Protein chains: 2
Amino acid sequence: MPRAGLDRTAVVEAGAALADEVGFAGLTMGRLAERVGVRTPSLYKHVAGQDDLNRGIAALALAEAAAAVGTATQGCAGRDALAAAAHAFRDFVLTHPGRYAATIGVEPTGPDDPVAVAGLGLLGSFTAVLRSYAVEGAEMDHALRALRSFLHGFATLQSANAFQWSADVDDSFEWLIALLDRGLRNASSPQ
Amino acid sequence: MPRAGLDRTAVVEAGAALADEVGFAGLTMGRLAERVGVRTPSLYKHVAGQDDLNRGIAALALAEAAAAVGTATQGCAGRDALAAAAHAFRDFVLTHPGRYAATIGVEPTGPDDPVAVAGLGLLGSFTAVLRSYAVEGAEMDHALRALRSFLHGFATLQSANAFQWSADVDDSFEWLIALLDRGLRNASSPQ
DNA sequence: CACGAGTGGCTAATCGCGTTAGTTTTGGGC
DNA sequence: GCCCAAAACTAACGCGATTAGCCACTCGTG
């Protein structure tokens, strides 16, 4: 039996790709094993189990999302940066719905958990965007959460096909970015 | 063996309550059967299977959420209505995380699917709120999607404990409402 | 070049969950 | 008091995750 030459990152990456194809719920150890050309129990030589696999996929997805947002906003500021970040994030979620879904419901075990580290990276990319606006101090935390909620909600709902009405979804996304921009530009003004 | 006297709604409601307790992923036919005092296969006399159960729970949750938002916004307008709706929705998701989770990933099978009907009800509650702002025509669809994305994203992330930083989550929610209000008040103005 | 150890793969088996088939029991209507 | 449809039960299957235990390939070392 020739060896497949697997290692942890190969298994995790194959799992992420498979999750994108068949959906996170359809990611099964058996399917993943078949995909990488191995019998199911052999996977356990590389990952500790399904939970560990999910954590690996989540960390990978967060790192990739952070990179996508970071490079998309290079050299932009203000509304341009916001639009670039939003589009980069949504594109990532829509092209990689499975691995993004893996990031939900994974609680980091500690501050040096790869999931936590990757999450901080994504947060950093968003922080850079918000710095272009007059957001400072404690408001940064609120704005970060708002931005993350917006993007997560929209991308998740669209990826779940929860938008069934008439209007074009891309138009709605642009409208949403404009609304965020309006709200952020006056962030410090008295409500 | 004395009869338990179950019917479909009793099973669905017990399933929703159980999902809130143990999480949507922990909702299992065996546990639900034990909860209602019956053996697992007996549940299949009332629901067609786990998927059907999920649809029932989702429809129930959407109807309850619509009712909560609707009554909370009675007699309010503008920012008051927005704040009331946002709080009612978030409270519902936080107190019923399991049944709300059931609403994600359920695609209505047709226009008269109870899930679709209940979803339209929730949409109607949000539409009433947005009518207080100068939102009209095609913008209503965009604003609806924006509001839904915001609320879904925030509630989901908080319920998944994805907010790990310093600032108070309730403060962030108020800040987010203020941001939405600012953005909506100028909805029709040129960006 | 042999070899021994460790690693990566395999088979077999267990457990839990969803689901189906077939059987028994209950309780309301005649 | 009897009958039958509904509702519950037991038994059994399939599938997915996981573990235990075994074997083969490969690589570094003598």
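Please read these numbers as outputs of a predicted model, since none were measured by experiment. Here is how names work: the chains are called A, B, and so on, in the same order as the sequence lines, proteins then strands, and each is numbered from 1.
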In a check of side chain to side chain contact (heavy atoms under 4.5 Å, CB included) between A:Leu184 and each of A:Leu147, A:Leu130, A:Leu179, A:Val129, which one passes? A:Leu130
note: B:Leu6, atom CG; D:dA6, atom C1'; distance rounded to Å ~ 13 Å
Considering only D:dT19, C:dG8, D:dC9, which nucleotide approaches the side chain of A:His46 most closely? C:dG8
Candidates C:dG8, C:dT19, D:dC9 - which lies nearest the side chain of B:Met29: C:dT19
Value in whole Å for how far the P atom of D:dT19 lies from CG of A:Asp52: 12 Å
So is A:Arg90 actually on top of A:Phe173's ring, under 6.0 Å and inside 45° of the axis? yes
From CG of A:Leu18 across to C1' of D:dG16 the rounded distance in Å is 14 Å
Look at the side-chain N and O atoms of A:Ser42 and state whether any lies under 4.0 Å from the OP1 or OP2 oxygen of C:dG8. no
Between D:dG16 atom P and A:Leu43 atom CG, what is the distance in whole Å? 14 Å
salt_bridge(A:Arg31, A:Glu21) N-O dist < 4.0 Å: no
Over how many whole Å does the gap from A:Lys45 atom NZ to D:dT19 atom P extend? 12 Å
Selection from D:dT10, D:dA17, C:dC17 that lies nearest to any side-chain heavy atom of A:Thr28: D:dA17
When you get a sec, tell me which of C:dC10, C:dT19, D:dT18 is the closest nucleotide to the side chain of B:Pro41? C:dT19
Rounded distance in Å - CG (A:Leu53) to C1' (D:dT18): 14 Å
Do A:Tyr100 and A:Phe89 have side-chain heavy atoms sitting under 4.5 Å apart? yes
Interatomic distance where CZ belongs to A:Phe24 and P belongs to D:dG16 [whole Å]: 16 Å
How about A:Phe150 and B:Phe154: are their ring centres within less than 6.0 Å of each other? no
Specify the separation, in whole Å, of atom CZ of A:Arg39 and atom P of C:dA12. 10 Å
Counting only side-chain heavy atoms from C-beta out, which of C:dC10, D:dA17, D:dC9 sits nearest to A:Gln50? D:dA17
Checking D:dA20, D:dA7, D:dA17 against the side chain of A:Tyr44 (C-beta onward), the nearest is D:dA17
